[in-house]
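What follows is a short report on a single structure.
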Amino acid sequence: MRFNFELTEPDPESSSRKSLTPKEDILWVPLQNHPLFTSSTSTSTSLEGDAAPQPPSNLLAWDGASRLYYWDSNLRCLHRISIGLGDPDPTSVLAASPSKVLQTDVEINFEVNKISINRNGSALLLSGAYGLCVMYLYGRSSSKDDSIICRTVSIGSQIYFNGRNVIHMRKVLWHPYSDTHLGILSSDSVFRLFDLSSDVLQPEQEYYLQPVEPGRSRNAASICPVDFSFGGDHLWDKFSVFVLFSDGSVYILCPVVPFKSVYKWESVLEIYSDAEMFGLKSANPVAVNNSNLAIFWLEATFPELAQESKERELSTLKAHPYAIFDASLCLQGPLRKVCHGVEDEDLAVRGAECEGHAVSFLYDLASKDSILVTAWSGGQLQIDALSDEIQPVWTVGSPPRLRLNSHNHILGLAMLCESISGELPVVKLDQPHDHTVWLGHPPPLLRLAIVDLALTRKTESRSHISMFADPLMPERIYSVHDGGIDSIVLHFLPFTSQSSGKDETVRSPSVHPVLSTCQVENSTPSPLCGFIALSDSFGYSWIAVITSNKECVVLEMKTLNLLVPVHVDMEKESASSEEWTYRNPPDIISKELLSGPKVVLVPQGSPNLRSVAADSIEGRSALHQYLNLFHENYVEYAHKVYFELKHHGPQLKRIIDDQHARLGEAQEKLSKVVNKQSGLVNRINHAMQRHNLLEQRLHCLRNLPGVHKKPLSKAEREFKSELDQFTRVELDALRASIDTLRARLGRFTQSLKGDVRNQQRKIVGRNNVLDAQISQLKSSITKLSLVNSENTKKVKLVESALKKQESSR
């Protein structure tokens, strides 16, 4: 375990002031008993403005070592808690008291609903519906009220928080291969990467997502993004971004690499060799073209790969800013299910199989399998696995927009990412490998399971489900919702099972409730305000949860033998505890003593032994032999019995006393039952009367005319579900699209006003020169008007003359 003792010297000048972090000796207590979480003050849940229901807040963060961070919504400060895992008990979690208080150097005027820490633990993200800030934990700090003042900056305030707040952030994540890059997905279908080391207001990379062709969208949910996730350390997955839309469709952006991010030499060289081996040597010209673009991009982004020697002196590679000048990334998708035959082709292109709309997304790398989990508002989890590898795809002829410095170095880029036009081919399991590799097709999905969390109807109307993987066992996924926390364990991974050579059958995942926030049945659940998974190097895992009442709960999660299947014989009936105890009694006395003394075989003597006198030599030898046999077997056995009885006497006494105590408790319970028997009889009679009354009412209700209505047909039910989806999903998506268009229109009108003002400033200098020309134009216009009036009079005279001639005829 790793400790971090925060010992500071007392400051005599601040002794008179109120201290948020008292200067006291460090006291190690269990995390759930920390004074910070034993306060009765509840967390504030008020939101600014009329906002939509927010997802579950997570105000806990862990740096992966020995520090736990908790955001206090009441005091608007950050608590840093030093923790120790597995000491003194291997299953315990200790925390240092008091905690260290960290405050921002600027006022946080928005409600924080999520915090997350970057890879090296130097910066903390504070995100909310009305603000996004980054708090530097090891930057410039000063002592104030025995707390640390940390530098805090706002991210993308000109884009997301410009006063009207019509562009909402859907998801904010730290990039897994950079300490300074943030990925933000917003409601205007734009994915942005911010580099905090260079510019916190302007994004480094912008990707405008267009999942369908203009004018061909069947519903608004297909263009409304809700969540995204970065890929894991597996081939091209590390350069991929997975985007989830409200209708459940998943798209992939590849490759997306933050500038100056760091990657392993072996992993980059692996995909470089794969492109050279399977792409360039392919007989399909499309595969050769796609692999050429990928190799060209790899050599430009990582120049060390282009060296002929390819020396392995470097263990890591740094990404250089680069973009193909005449091509933009293709939005690969939507990802479709792999089909097993002709009869399953319709299922591969069919829409969502779950209820409601998609709310969250999780990418989980379990051994050799890339697992995609989609959570739906109806309480279902859709679990899929990528059945093929991801390859980068570009759209040639769509150049990106680049932002350069004075030395023509790339500072930022923006590109329009469109989906592949036309119908995507249906991928089958028996399809040859050459028909799919490097052809630009999105990887198909292999459906593993659909898990129903069985959420109550009260929570389904506003259900927001968030998910995270176990840090020690990626096969276990935790789902956090208003009803509590559930654990889903995957027992079958296709690529992992195939590579290990095991012929395993497809097993459905197991679902176990971990924590329930409903105190009693049919009660309103209390949402959680913080949850984090902890683990140590010895294989122990915990879950720390903060409730809305500011209470901490720490649960140890077992990982040993969790994936081993349990075989149950359904034909045999399970034995009761009494029968099991009777069959296997406790070993109080050894079985050797219970079996009795050993059987002694009497030695054969002479037939005239009875005629031998006892005092003779032969008689004495026979008696001596019999006495030895008796002593060896019976006397020694008696001594063993005496020793066992003396040794187990106290234990037997304890057992007898325990049996007497249990007998007394049973007699007491029987007496209580006898006393309550009359009351139970009355309650049973009352229940029978109530049952008869309910039967009469049910009989009356069956006679009503509305009971005999026919149920809805299949087509009517499908139409009703479409109407419900339109009312719940489509209207929200349309409102979001309208708000996005208004925001773009506002920015466009502001830019036009700025251009008009610049033009007016330029015209002011020319007014003196144009006055003379304007006066000449005015005079010429007056002359022309006079000539025009004279001509109209002449025309009228001619028309009157013509009319007279016609009338005279």
Worksheet entry | Closest non-hydrogen atom pair, Ala61 against Ser116 | CB-CA, 4.4 Å
Worksheet item: Phe194 and Pro203: which non-hydrogen atoms are nearest, and at how many Å?
Response: CE2-N, 3.6 Å
Worksheet entry | Stepwise side chain to side chain donor-acceptor pair (under 3.5 Å) check, His181 with Ser261 | CA-CA 9 Å; His181 281 81; Ser261 57; over 6 Å; no
Worksheet entry | Under 3.5 Å donor-acceptor, Ser246 side chain and Cys224 backbone | no
Practice prompt. State yes or no: are the ring centers of Phe468 and Phe531 separated by less than 6.0 Å?
Written response: yes
Item to complete: Look at Asp72 together with Lys550 and state whether they make a salt bridge at an N to O cut-off of under 4.0 Å.
Response: yes
Fill in: Side-chain donor-acceptor contact under 3.5 Å, Asn113 with Glu111
no
Discussion item. For the residue pair Ser187 / Arg170, report whether a side-chain donor-acceptor contact shorter than 3.5 Å exists.
Written reply: no
Discussion item. I'd like to know if the side chain of Arg67 reaches the main chain of Trp62, judged simply by a donor and an acceptor atom lying under 3.5 Å from each other, with no hydrogens or angles considered.
Written reply: no
Discussion item. Holding to salt bridge (Lys or Arg N to Asp or Glu O under 4.0 Å), I want the full list of residues that pass it with Asp233, two or more places apart in sequence or in another chain.
Written reply: Lys238, Lys264
Worksheet item: Within the distance-only criterion (no hydrogens, no angle test), does the side chain of Asn118 pair as donor or acceptor with the backbone N or O of Asp179 below 3.5 angstrom?
Response: yes
Response to the item:
Residues Asp227 and Ser360: closest non-hydrogen pair is OD2-CA, 3.4 Å
Fill in: Aromatic ring proximity Phe245/Tyr251, centre distance under 6.0 Å
yes
Worksheet item: Is the side chain of Arg76 donor-acceptor paired with the backbone N or O of Phe110 at a distance under 3.5 Å, no angle test?
Response: yes
Worksheet item: For Leu493 and Glu475, what are the C-alpha separation, side-chain angles and deciding distance, and is it a side chain to side chain contact (heavy atoms under 4.5 Å, CB included)?
Response: CA-CA 9 Å; Leu493 299 174; Glu475 293 87 356; 3.8 Å; yes
Discussion item. With a 3.5 Å distance limit and no angle check, can you tell me whether Gln205 reaches the backbone of Val257 through a side-chain donor-acceptor pair?
Written reply: yes
Worksheet entry | Distance flag, aromatic centroids of Tyr70 and Phe37, threshold under 6.0 Å | yes
Fill in: Exercise: do Ser186 and Asp188 side chains pair donor with acceptor under 3.5 Å
yes
Discussion item. Exactly one of Leu528, Thr517, Leu515 should register a side chain to side chain contact (heavy atoms under 4.5 Å, CB included) with Thr547. Which one does?
Written reply: Leu528
Worksheet item: Does any donor atom in the side chain of Tyr208 or Gln210 lie under 3.5 Å from an acceptor atom in the other side chain?
Response: no
Worksheet entry | Donor-acceptor under 3.5 Å (Asp63 side chain, Ala65 main chain) | yes
Item to complete: Without swapping roles, check the side chain of Ser419 against the backbone of Pro334 for a donor-acceptor pair under 3.5 Å.
Response: no
Worksheet item: Would a 4.5 Å heavy-atom cut-off, applied to side chains only, mark Val134 and Leu126 as touching?
Response: no
Worksheet entry | Set of salt bridge (Lys or Arg N to Asp or Glu O under 4.0 Å) partners for Asp369, sequence neighbours left out | none
Discussion item. Under the side chain to side chain contact (heavy atoms under 4.5 Å, CB included) test against Ile532, which residue among Ile543, Leu68, Val545 passes?
Written reply: Leu68
Practice prompt. Please name the pair of heavy atoms, one in Leu102 and one in Cys150, separated by the smallest distance, quoted to 0.1 Å.
Written response: CD2-SG, 3.7 Å
Item to complete: Assert yes or no for the condition that the ring centre distance of Phe230 to His175 is strictly below 6.0 Å.
Response: yes
Discussion item. Please evaluate residues Asp195 and Thr180 with respect to the criterion side chain to side chain donor-acceptor pair (under 3.5 Å), reporting the C-alpha separation (whole Å), side-chain torsions for both, the decisive distance (0.1 Å), and the verdict.
Written reply: CA-CA 6 Å; Asp195 185 9; Thr180 60; 3.1 Å; yes
Worksheet entry | Check: Ser479 main-chain N/O paired with Asp486 side-chain donor or acceptor under 3.5 Å | no
Worksheet item: Residues in salt bridge (Lys or Arg N to Asp or Glu O under 4.0 Å) with Asp237, at least two apart?
Response: none
Practice prompt. Check whether the ring centres of Phe228 and Phe361 lie less than 6.0 Å apart, and answer yes or no.
Written response: no
Fill in: Minimum heavy-atom distance Pro258-Glu204, with the two atoms named
CA-OE1, 3.8 Å
Worksheet entry | Arg80 backbone acceptor or donor facing Ser99 side chain under 3.5 Å | no
Item to complete: Over all heavy atoms of both residues, which pair between Leu132 and Ser127 is shortest? Give the atoms and the distance, please.
Response: CD1-CB, 3.6 Å
Worksheet entry | Candidate pair Leu372 and Leu386, rule side chain to side chain contact (heavy atoms under 4.5 Å, CB included), full reasoning | CA-CA 8 Å; Leu372 309 182; Leu386 292 179; 3.9 Å; yes
Fill in: pair Leu182-Trp174: side-chain heavy atoms closer than 4.5 Å
yes
